[in-house]
Amino acid sequence: MEILSIKFLIFVFQLGVAFIPFVIGGRLLSFSNDQKIKIKTKISQKLFGDPRLLKLPAFNMVLRFLAVIFFLIGAFFALIFFLYNF
C-alpha cells in the first residue's frame with residue numbers, strides 16, 4: 001500500500017496553488033508603515049535612481065491593488081479546483 005498516491009499529490013498541489021495567493025495577498029496588506037517605506041525606497045532607487053520619486057500614497061494603492069489581484073487569483077483557482085473535483 002502506497003503512502004502517497006497520485007490523487008493525494010494532485011490534491012496537495014491544488015491546495016497550494018489555491019492557498020498561496022491568499023497568503024501573499026494577506027502579507028501585502030499586513031506590511032507595517034516602516035516596511036512599506038523601506039520597500040518603496042528600494043524600488044524607487046532601483047527603477048528611477050532616486051529613492052524619493054515614488055510617493056507613499058501611490059505606492060500604498062499599488063500594494064492594495066496587488067493584494068486584491070492575488071486574492072482574486074486564489075479565489076479563481078479555488079473555484080476551478082472545487083468545480084473540477086465534483
Side-chain angles (χ1 to χ4, degrees):
M1 180 175 188
E2 294 180 28
I3 294 175
L4 293 175
S5 67
I6 297 296
K7 287 184 179 183
F8 180 71
L9 289 175
I10 292 171
F11 171 72
V12 169
F13 175 76
Q14 288 176 345
L15 191 63
V17 168
F19 184 68
I20 289 174
F22 285 116
V23 172
I24 293 172
R27 180 67 182 136
L28 286 174
L29 289 178
S30 68
F31 282 143
S32 70
N33 205 21
D34 292 336
Q35 289 173 325
K36 289 179 187 178
I37 291 171
K38 286 179 185 177
I39 294 169
K40 176 195 75 75
T41 305
K42 278 185 186 178
I43 290 174
S44 182
Q45 180 66 35
K46 296 275 184 181
L47 288 178
F48 306 120
D50 186 9
R52 296 172 294 159
L53 286 180
L54 283 177
K55 301 299 178 196
L56 194 59
F59 184 71
N60 287 339
M61 187 172 60
V62 169
L63 281 181
R64 286 188 210 115
F65 177 74
L66 287 174
V68 168
I69 293 296
F70 277 111
F71 283 137
L72 290 175
I73 289 171
F76 173 74
F77 280 123
L79 180 66
I80 293 298
F81 294 146
F82 176 73
L83 292 177
Y84 176 72
N85 284 332
F86 290 109

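All residue numbers refer to positions in the sequence shown, counting from 1.
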By the salt bridge (Lys or Arg N to Asp or Glu O under 4.0 Å) test, which pairs, at least two apart or in different chains, include something from residues 36-55? Asp50-Arg52

Can you hop from Ile39 to Leu66 via hydrophobic side chains spaced under 4.5 Å? yes

By side chain to side chain contact (heavy atoms under 4.5 Å, CB included) - contacts of Leu15 (at least two apart): Phe11

Is there a path from Phe31 to Phe59 through hydrophobic residues (I, L, V, M, F, W, Y) whose side chains come within less than 4.5 Å of each other? yes

Do Asn33 and Leu56 pass the side chain to side chain contact (heavy atoms under 4.5 Å, CB included) test, and can you show the C-alpha distance, the side-chain angles, and the key distance before you say yes or no? CA-CA 9 Å; Asn33 205 21; Leu56 194 59; 3.7 Å; yes

Tell me, please, which residues at least two apart from Leu29 pass side chain to side chain contact (heavy atoms under 4.5 Å, CB included). Arg64, Ala67, Phe71

Once side chain to side chain contact (heavy atoms under 4.5 Å, CB included) is applied, do any residues pair with Ile10, and if so which ones, sequence neighbours excluded? Ile6, Gln14

Non-neighbouring partners of Ile69 that pass side chain to side chain contact (heavy atoms under 4.5 Å, CB included), sequence neighbours left out: Phe65, Ile73

Considering all heavy atoms, the nearest Gly16-Pro21 contact: O-CD, 4.3 Å

Can you get from Phe19 to Phe81 by hopping between Ile, Leu, Val, Met, Phe, Trp and Tyr side chains that sit under 4.5 Å apart? no

Sorted by chain and number, sequence neighbours left out, salt bridge (charged side-chain N to carboxylate O under 4.0 Å, His left out) with Asp34 holds for none

I'd like to know if Leu54 and Leu63 are part of one continuous hydrophobic network [Ile/Leu/Val/Met/Phe/Trp/Tyr, side-chain heavy atoms within less than 4.5 Å]. yes

Hphob cluster co-occupancy, Phe48 + Val62, side-chain heavy atoms under 4.5 angstrom: yes

Got a sec, which hydrophobics cluster with Val68, joining ILVMFWY side chains under 4.5 Å apart, including via others? Leu72

